Amino acid sequence: MQNAGISIPLRKQVEYFNGTKGRMVAALGSGGAVNALLATSASAATTCSPSPPRSRRRTGRRLQTTSPRSSTASSPTTRTPSRYSRTEHFELHAMGARRFAIINVGLLGCVPTVRVLDPSAGGACADGLNQLAAGFDGVLEASLAGLAAGKLPGLVYSLADSYGLTVDTFAAPQASGYTDIAGACCGGGRLNAETDCVPNATLCANHDQLVFWDRYHPSQQAAFLTAQAFYNGPAQYTTPINFMQLTAED
């Protein structure tokens, strides 16, 4: 499995949640009190990005990566959201969780580290990876709606559309104060995205004008605007309710 030993698998995270609940019960001396607390708490989850097929070879400190720029939605795109919903929601629901704030997969193909995979593409987004992300998000949304329709009593959720928000932001970057939607503020090489953000890396003059801080992660400004949009922003970016409404649910 790609990134094994680097990322914490969903299964392990669910185990950690269960262990934390056990310690809460031990501290409070009442499983009922813990369940009541969990039922009124929001559990936040960011869906993992589908990993692009690629080969790697290291040259010095630079990680050289090759990847196809186009692909078709394959079975993992539909299997993964279903597996995610079954694990994340059925098991956490059984432990007492009832409210879920979920963020879908954004424009995976437009992350700086992906833009520089193919030198001949001139820094363009990898459309195939964006199609995979869109397919994942569609199945995830349908799966959540099915769970809320009666499979998990008391389930309340807010699904945030990172994909849609990023599409709109990239269509009119100046409206958010951005002058660069492709490159990284901190890094090196093409688009400042061929090497990691390390102490001697190249640093941009104004990180609030870039969508990405390093070759993987959003800038502080991007994270702030995203939080605003999902908490109490335009209705098209959260369904069926926003994060503020989720936390205010009785």
Side-chain angles (χ1 to χ4, degrees), residues 1-51 74-106 108 132-133 135-163 216-218 223 226-227 229-232 237-250:
M1 178 183 296
Q2 191 172 7
N3 294 329
I6 300 175
S7 301
I8 301 176
L10 180 58
R11 170 64 58 186
K12 179 60 67 174
Q13 295 181 53
V14 172
E15 291 176 6
Y16 288 158
F17 185 97
N18 193 34
T20 298
K21 179 183 177 181
R23 290 190 292 273
M24 292 169 66
V25 171
L28 295 177
S30 171
V34 172
N35 285 338
L37 177 62
L38 291 177
T40 56
S41 302
S43 300
T46 301
T47 55
C48 61
S49 299
S51 300
S74 58
S75 56
T77 304
T78 55
R79 289 200 309 267
T80 303
S82 299
R83 186 182 302 118
Y84 167 84
S85 294
R86 183 172 61 252
T87 302
E88 175 80 6
H89 300 109
F90 275 92
E91 296 190 21
L92 294 182
H93 183 276
M95 296 176 199
R98 294 293 181 270
R99 304 183 189 186
F100 295 89
I102 304 153
I103 303 175
N104 70 10
V105 177
L108 178 66
L132 285 174
F136 179 101
D137 292 342
V139 176
L140 175 64
E141 182 175 2
S143 179
L144 288 170
L147 293 177
K151 293 183 179 180
L152 295 179
L155 174 69
V156 182
Y157 73 91
S158 176
L159 176 60
D161 186 10
S162 177
Y163 191 102
Y216 308 107
H217 303 103
T226 298
F230 295 164
Y231 183 71
N232 191 27
Y237 298 133
T238 49
T239 185
I241 57 177
N242 60 37
F243 285 9
M244 184 179 74
Q245 293 168 322
L246 177 71
T247 57
E249 277 285 321
D250 292 329

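As the structure is a computational prediction, the values presented were derived from the model and not from experiment.
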To the closest 0.5 Å, what do you measure between [atom1] ([X]) and [atom2] ([Y])?
X: Ile241; Y: Leu159; atom1: CD1; atom2: CG; result: 11.5 Å
X: Glu141; Y: Ile102; atom1: CD; atom2: CD1; result: 11.0 Å
X: Met24; Y: Asn35; atom1: CE; atom2: CG; result: 9.0 Å

Contacts of [X] that satisfy side-chain hydrogen bond (donor to acceptor under 3.5 Å, both in side chains) - sequence neighbours left out:
X: Asn232; answer: Asn242
X: Glu15; answer: Lys12
X: Thr20; answer: Arg23

According to side-chain contact (heavy atoms from CB on, under 4.5 Å), who are the partners of Ala97, at least two apart in sequence or on a separate chain?
Phe17, Ser43, Leu92, Phe100
side-chain contact (heavy atoms from CB on, under 4.5 Å) with Thr40: which residues, sequence neighbours excluded?
Arg99
Side chains of [X] and [Y]: closer than 4.5 Å at any heavy-atom pair?
X: Thr239; Y: Leu144; value: no
X: Gln245; Y: Thr238; value: no
X: Thr226; Y: Tyr237; value: no
X: Phe243; Y: Ile103; value: yes

Which side-chain hydrogen bond (donor to acceptor under 3.5 Å, both in side chains) pairs, counting each pair once, include a residue from residues 152-163, with sequence neighbours left out?
Asn104-Asp161
Between His93 and Pro153 (side chain of the first, backbone of the second, donor and acceptor by atom type, cut-off under 3.5 Å), is there such a pair?
yes
When you measure from the side chain of Ser143 to the backbone N and O of Val139, does any donor-acceptor pair fall under 3.5 Å?
no
If you look at every heavy atom in Ala133 and Val105, which pair is closest and at what distance?
CB-CG1, 3.7 Å
Test side-chain contact (heavy atoms from CB on, under 4.5 Å) on Glu91 and Asn18 and set out the steps.
CA-CA 9 Å; Glu91 296 190 21; Asn18 193 34; over 6 Å; no
